[in-house]
Amino acid sequence: MLSLWGWFIVVFAGIWILQILMTKMQLRNYQATLKKMSSRPSGYLGVGIQKQKLGIGVIAILVTDEAGSLIESQLMKGVTVFSRFEDFPKFNGMHIETLKEKLDEESDGKAFRMAIEKIETQMGKKTNLAI
């Protein structure tokens, strides 16, 4: 029979393995979402992350057309491995320059700004999803 410490170690190891498995599932969701959103024939894709030491983290994935208008966005918010990407159509159709002005009012603005910066870098290099 296991001692109290033995049970503690077994439970701790079980929770740790569960954490690893759930993290793998979340990573697969992230990769599948990126693959789906980058399958467009043209345009630009940017990913932004807003980390919090305590509180809710955010990952934003944005896709624009070649002119810089937002076509699609997905958002993952949460503090657990159960978080998944969800459609975020609030800004669809908006040009990224206009969107940057509106982000000051948004709690998730940092993630969107980072994604927009990556899109602007791609636009400057003229690399798009078709490449």
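Each residue takes its place number in the sequence, starting with 1.
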Considering all heavy atoms of both residues, which atom of [X] and which atom of [Y] are nearest to each other, and what is their separation?
X: Ala60; Y: Ala115; value: O-CB, 4.1 Å
X: Gly78; Y: Ile56; value: N-CG2, 3.3 Å
X: Met114; Y: Ile49; value: SD-N, 3.3 Å
X: Gln26; Y: Met76; value: NE2-SD, 3.5 Å
X: Ile119; Y: Gly46; value: CG1-N, 3.5 Å
X: Asp65; Y: Tyr44; value: O-CD1, 3.6 Å

Roughly how far apart are [X] [atom1] and [Y] [atom2], rounded to 0.5 Å?
X: Lys77; Y: Gln50; atom1: NZ; atom2: CD; result: 8.5 Å
X: Ile116; Y: Arg113; atom1: CD1; atom2: CZ; result: 7.5 Å
X: Ile61; Y: Ser38; atom1: CD1; atom2: OG; result: 9.5 Å

State, yes or no, whether a side-chain contact exists between Lys100 and Glu120 at a heavy-atom distance under 4.5 Å.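 SC-SC contact between Lys100 and Glu120 confirmed.
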Would you check if Phe85 and Ile59 make a side-chain contact, meaning some heavy-atom pair closer than 4.5 Å?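 Heavy-atom side-chain distance check passes, below 4.5 Å.
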Please work out which of the three classes, parallel, tilted or perpendicular, describes the rings of Trp5 and Phe8, given edges at 30° and 60°.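 The arrangement is perpendicular - the two ring planes meet at more than 60°.
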Is the Phe88 ring parallel, tilted or perpendicular to the Phe112 ring (thresholds 30°, 60°)?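 Because their plane-to-plane angle lies in the 30° to 60° range, the rings of Phe88 and Phe112 count as tilted.
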Atom NZ of Lys36 with >12 non-hydrogen neighbours under 6.0 angstrom: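 Yes, enclosed.
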More than 12 heavy atoms from other groups under 6.0 Å of CD on Glu86: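 Incorrect, the count does not exceed 12.
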